Amino acid sequence: GFLGLLKSYGNVISPKNIKKLSKGIVDKKTGALSLLFIYFLSITVISLSFYLEDIFRIVGVNKLFWISAKYAPLYACNVMVTTFSIMFINNIVVSQKTKYIAYRSIIAGIINVVANILLIPQYGIVGAMVSVLISTFLGVLLDIYISEKLLSGKTLINYGVGLSILISTLIIYTLHYNGFILFSNHKLLIMFVYIVFLLLLDYYFVKAINWDKIKNKI
């Protein structure tokens, strides 16, 4: 489901982004939209962390599969990371240096295999998912290096905000996974505080949300 959302989102934003890049126009909008999409993904990941097992119970999923509710949100974090790379990949495509995408994929694949070998024997399925997350994250770093350093791209996206959202989501997931967040009122409080945190990040650092329109309505 998350991969489907990512594909749909990429299909929506990429044409305009590529068009601007090909004309040498600085894209001031797509980076903010990408972070807005990451806000949505992070809230969804945290919600699934808290309530996916309850959803399984309600819809009648076989009890043997309930355990997957603990792991699925961690895998979904991979899509959050991948979303961050869309603009950098577009820049590589426009530059017609697509060989770098092949090199990047090979390196990320090797990292994934090595991480699987090291982590799966000790951590099992969690190790496999962490391996995917590590290789994806390092792949995004390679995308950024190729786009911004080798090809002199000027991608406008707030790296700090994106990293803060990923780290915050992983911290909340880890706390819940390890049994530190058990009660419904605690989950609701954390969701509320996290949403406020996202709104503050956006207001002071991104402004992907149309705050002027909100102020006018108020």
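Only a predicted model underlies this, so the values are computations on that prediction, with no experimental measurement involved.
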- Message: Assess the residue pair Ile172 and Ser49 against the criterion (side-chain contact (heavy atoms from CB on, under 4.5 Å)); give the C-alpha distance rounded to whole Å, side-chain angles, the decisive distance to 0.1 Å, and a yes or no.
- Response: CA-CA 9 Å; Ile172 295 172; Ser49 300; over 6 Å; no

- Take Tyr123 and Val130, measure what side-chain contact (heavy atoms from CB on, under 4.5 Å) needs, and give me the verdict at the end. CA-CA 9 Å; Tyr123 300 105; Val130 170; over 6 Å; no

- With Tyr9, the ring pair (Phe, Tyr, Trp, His ring centres under 6.0 Å) member among Phe40, Phe37, Phe84: Phe37

- Is any side-chain heavy atom of Tyr203 closer than 4.5 Å to a side-chain heavy atom of Ile209? no

- Task: Over 60° means perpendicular and under 30° means parallel, so classify the ring planes of His186 and Phe183, tilted if in between.
- Result: perpendicular

- Message: Other residues, nucleotides and ligands only: do more than 12 of their heavy atoms fall within 6.0 Å of NZ on Lys97?
- Response: no

- Task: Taking the side chain as every heavy atom from C-beta outward, state whether Leu36 and Val206 have any pair of such atoms under 4.5 Å apart.
- Result: no

- Query: More than 12 heavy atoms of other residues, nucleotides or ligands under 6.0 Å from NZ of Lys207: is that the case?
  - Reply: yes

- Item | Any donor-acceptor N or O pair under 3.5 Å, side chains Asn116, Asn112 | yes

- Query: Has Tyr159 got more than 12 heavy atoms of other residues, nucleotides or ligands less than 6.0 Å from its OH?
  - Reply: yes

- Keeping the roles fixed (side chain from Tyr173, backbone from Lys70), state whether a donor-acceptor pair exists under 3.5 Å. yes

- Compare all side-chain heavy atoms of Trp211 with those of Asp202 and state whether any distance is below 4.5 angstrom. yes

- Item | Under 3.5 Å side-chain donor-acceptor pair for Ser147 and Tyr100 | no

- Task: Indicate yes or no: at least one non-hydrogen side-chain atom of Lys187 is less than 4.5 angstrom from one of Ile46.
- Result: no

- Check the surroundings of atom OH in Tyr103: do more than 12 heavy atoms from other residues, nucleotides or ligands lie under 6.0 Å from it? no

- Would you call Val79 and Leu5 a side-chain contact if the rule is heavy atoms closer than 4.5 Å? no

- Query: Can you tell if the side chain of Phe88 reaches within under 4.5 Å of the side chain of Ile157, non-hydrogen atoms only?
  - Reply: yes

